[in-house]
Amino acid sequence: MEALRRQRIKDLLLSDSFGSKVTVNGWVRTKRGNKNIAFIALNDGSVIHNIQVVVNVPEFDEELLKLVTTGSCISVTGTLEQSQGQGQSVEIHAGSISIYGSADTEAYPLQKKGHTLEFIREIAHLRPRTNTFGAVLRIRHAMAFAIHKYFNDHGFYYIHAPIITGSDAEGAGEMFRVTVLDPLAPPLNEDGTINYKEDFFGKETKLTVSGQLEAELAALALGLVYTFGPTFRAENSNTPRHLAEFWMIEPEMAFYDIHDDMDLAEDMLKYLIRYALENCSDDLEFLQKMYDNELINRLNSVLVDHFIRLDYTEAINILSASGTNFEFPVKWGIDLQSEHERYLVEKHFKQPVMISNYPKEIKAFYMKMNDDGRTVRALDVLFPRIGEIIGGSQREDNYDKLLARINELNIPEKDVWWYLDTRKFGSAPHSGFGLGFERLILFVTGMSNIRDVIPFPRTPKNAEF
RNA sequence: UCCUCCUUAGCUCAGUCGGUUAGAGCAUCUGACUGUUAAUCAGAGGGUCCCAGGUUCAAGUCCUGGAGGGGGAGCCA
């Protein structure tokens, strides 16, 4: 099979089969040389490193070599040789070259020198051709794979939560409407409101903000489950940590209390970071060299100690006693602001912190009430550089308490009857959390803007590509 | 959404007190060089100074409005 004879640059760079005939396909990063010899740096995306192709110029058609430009795609067949040069150990001595696609050097926007992240963000269709984005995409893949592997190895089942939902009970944020109604002339009710009975689903529908409620239903049947899918928030958030479309991992576990929840969150995060260190070292070293010289140290440091665990009330006490003059004054009952989280993680403890048992007023309706009647078993995991990476809780499993909370917050019972049913029939203690996939990738790659860790970022006023 | 900074060549940027023909490095093209490593050296081409108004004899430069982008904040994952 012709296709099987082609080889990945990743494998060739580790090979010592000198003298053997090989074929590689890839994109040209640079070409340099003179009338007699030319060197092509070729990359096929399998690994961050290029392979050097050595061309004995007089043996080749001049017009063909002119088409070998930065950005062009070529196929090279030749022999694998030990390199005489300094920068690499193996190289290919070209026997034949064919052009898949040329690239006009005047128009191709990527040059061999570096570009700013802001610039390559504007050419997201070509961004994967850069070293940086190639590294990020390979790490992103590795993390997605590791997440499935971790859960599979621990007896969890992967649940597919719906993306279109008729429930907006989760309250995690503003939602995008999903409709096929004519925006200029929607069918109206007698009182002038839109008649969604005529819409595609016969009711008002939205893009999901979370798969949690659905995951809970599954956990109360299969025990250990998780979702991993896209979620959507129509918030006008313009920050380097927010996207309108992002991916979230949401494990949900029957018979887990808040402490089991914390154990899982810590173990999983450490597993994923260890996986990256063990499987993505080339890409991590590149990112460290280019953007963040503390990256690998920081990843390793997270693995060493147990994450700090403290109650919200203790966190408030630490902040109050810190003597720091915060912009948002600290007192029991406030939601922790970025400056507070950063103080705890980066100044006080200097390692990841898990905070639990928050005032019920600042947390969602489904969180389990503590015996004190004023705090709930909520959990936030705070990481250096990125703040909240995980939010979770033990869920309220008592029907009467859950119903009371729903009524207190004026959530229409008819919207959540199915959720309430799980507390009516065979309820069980259970817990879960949501891990923002892109925030994990931010931490692992050391990138500083979330738009640089997802192929096609969706943010306010931007859905290009 | 709020605060703040930015927008000049393909890219990264300089541009003095408002002054006559808007510059540099890199990239690109041409040439030189028999093993280069973000090659080097020589030369050339390349501009809607973000957009719309305004002030002025004169605006890249000052003023007003708008758009886009960065950083910070809020909302959160």
Side-chain angles (χ1 to χ4, degrees), chain A residues 29-41 49-58 66 69-71 81 83-88 91 93 103-123 130-131 170-174 209-212 230-250 265 290 326-328 335-342 362-364 379-383 386-392 433-443 448-454 459-462 464:
Chain A
R29 287 291 168 76
T30 67
K31 185 179 72 171
R32 55 182 170 264
N34 53 47
K35 265 184 200 146
N36 301 288
I37 188 165
F39 302 92
I40 300 167
H49 305 297
N50 307 321
I51 199 162
Q52 171 156 285
V53 176
V54 183
V55 182
N56 191 7
V57 173
K66 266 191 180 166
T69 57
T70 299
E81 302 286 353
S83 180
Q84 302 164 31
Q86 289 297 309
Q88 58 284 316
E91 63 191 20
H93 290 195
D104 178 1
T105 51
E106 298 273 6
Y108 187 64
L110 293 171
Q111 57 192 42
K112 44 190 152 185
K113 281 216 174 181
H115 289 291
T116 60
L117 293 167
E118 288 80 15
F119 173 68
I120 60 169
R121 212 176 286 154
E122 290 168 8
I123 47 168
T130 62
N131 285 333
E170 218 266 345
E174 286 300 306
V209 294
S210 161
Q212 178 198 314
T231 50
F232 307 86
R233 306 273 167 95
E235 301 285 348
N236 191 14
S237 298
N238 293 288
T239 85
R241 299 180 307 282
H242 290 85
L243 291 164
E245 176 183 294
F246 65 101
W247 289 65
M248 190 151 60
I249 299 100
E250 295 179 285
M290 297 301 289
F326 293 110
E327 189 189 336
F328 292 86
D335 207 351
L336 296 181
Q337 305 295 318
S338 294
E339 55 176 342
H340 306 138
E341 297 179 349
R342 232 177 298 121
I362 58 173
K363 289 292 178 183
L379 162 68
D380 282 357
V381 180
L382 309 179
F383 256 44
I386 53 174
E388 186 177 345
I389 193 169
I390 277 179
F433 60 81
L435 167 64
F437 188 51
E438 283 76 17
R439 290 198 179 163
L440 172 72
I441 307 301
L442 267 185
F443 183 74
S448 48
N449 193 313
I450 202 164
R451 293 159 205 220
D452 297 325
V453 298
I454 186 168
T459 52
K461 300 281 186 293
N462 182 15
E464 188 68 46

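A quick note: this is a predicted structure, and the numbers were derived from the prediction, not measured. So you know, we letter chains A, B, ... as the sequences are listed, proteins then strands, and number each from 1.
In terms of phosphate contacts, A:N236 brings a side-chain nitrogen or oxygen within less than 4.0 Å of OP1 or OP2 of B:U1. Between A:T30 and B:A38 there is no side-chain N or O to OP1 or OP2 distance below 4.0 Å. In terms of phosphate contacts, A:N449 brings a side-chain nitrogen or oxygen within less than 4.0 Å of OP1 or OP2 of B:G71. The side chain of A:R241 places no N or O atom within less than 4.0 Å of a non-bridging phosphate oxygen (OP1 or OP2) of B:G72. Between A:T116 and B:U12, a side-chain N or O to OP1/OP2 separation shorter than 4.0 Å is present. Within the 4.0 Å cut-off from OP1 or OP2 of B:G35, not a single side-chain nitrogen or oxygen of A:R32 is found. Taking 4.0 angstrom as the limit, A:Q337 places a side-chain polar atom (N or O) nearer than this to OP1 or OP2 of B:C75. When the side-chain nitrogen and oxygen atoms of A:R342 are compared with OP1 and OP2 of B:A73, one or more of them lie within a distance under 4.0 Å. The side chain of A:K35 places an N or O atom within less than 4.0 Å of a non-bridging phosphate oxygen (OP1 or OP2) of B:A32.
Pair check for B:G68 finds B:C6; Watson-Crick or G-U wobble, both atom distances under 3.5 Å. Base pairing of B:C49 is not made with any nucleotide, judged by Watson-Crick or G-U wobble geometry with both donor-acceptor distances under 3.5 Å. Nucleotide B:A42 is matched to B:U30 when pairs are restricted to Watson-Crick or G-U wobble geometry with both distances under 3.5 angstrom. Within the shown strands, nothing qualifies as a pairing partner of B:U16 under the Watson-Crick or G-U definition with both distances less than 3.5 Å. Using N1 to N3 plus N6-O4 or O6-N4 for Watson-Crick, or N1-O2 and O6-N3 for G-U wobble, each under 3.5 Å, B:U56 pairs with nothing. Nucleotide B:U61 is matched to nothing when pairs are restricted to Watson-Crick or G-U wobble geometry with both distances under 3.5 angstrom. The partner of B:G35 is absent, by the rule that a Watson-Crick or G-U pair needs both atom distances under 3.5 Å.
Separation of the C1' atoms belonging to B:G25 and B:C17 is 28 Å when rounded to the nearest angstrom. With C1' as the reference atom, B:C26 and B:A14 are 15 Å apart, rounded to whole Å. Between B:U61 and B:U16, the distance separating the two P atoms is 11 Å to the nearest Å.
Looking at A:E438, its side chain does come within 3.5 Å of a backbone N or O of A:W247 through a donor-acceptor pair.
To the nearest 0.5 Å, atom CZ of residue A:F437 and atom OG1 of residue A:T231 are 12.0 Å apart. The distance from atom CD1 of A:I390 to atom CD of A:E250, rounded to the nearest 0.5 Å, is 11.0 Å.
Stacking between A:F246 and B:A77 is present: the aromatic ring centre lies within less than 5.5 angstrom of the base six-membered ring centre, and the two planes differ by under 30 degrees.
Taking atom CG on A:N36 and atom C1' on B:A32, their separation rounds to 12 Å, with Å as the unit.
Using a 4.5 Å heavy-atom cutoff, the side chains of A:E245 and A:T459 are not in contact.
Using modelled atom types, one finds a donor on one side chain and an acceptor on the other under 3.5 Å when comparing A:R29 with A:N131.
The base of B:U37 does not come close enough to the side chain of A:E91 for any donor and acceptor atom to sit less than 3.5 Å apart. Counting distance only, with no hydrogens placed and no angle test, the side-chain atoms of A:S237 and the base atoms of B:C75 include a donor-acceptor pair under 3.5 Å.
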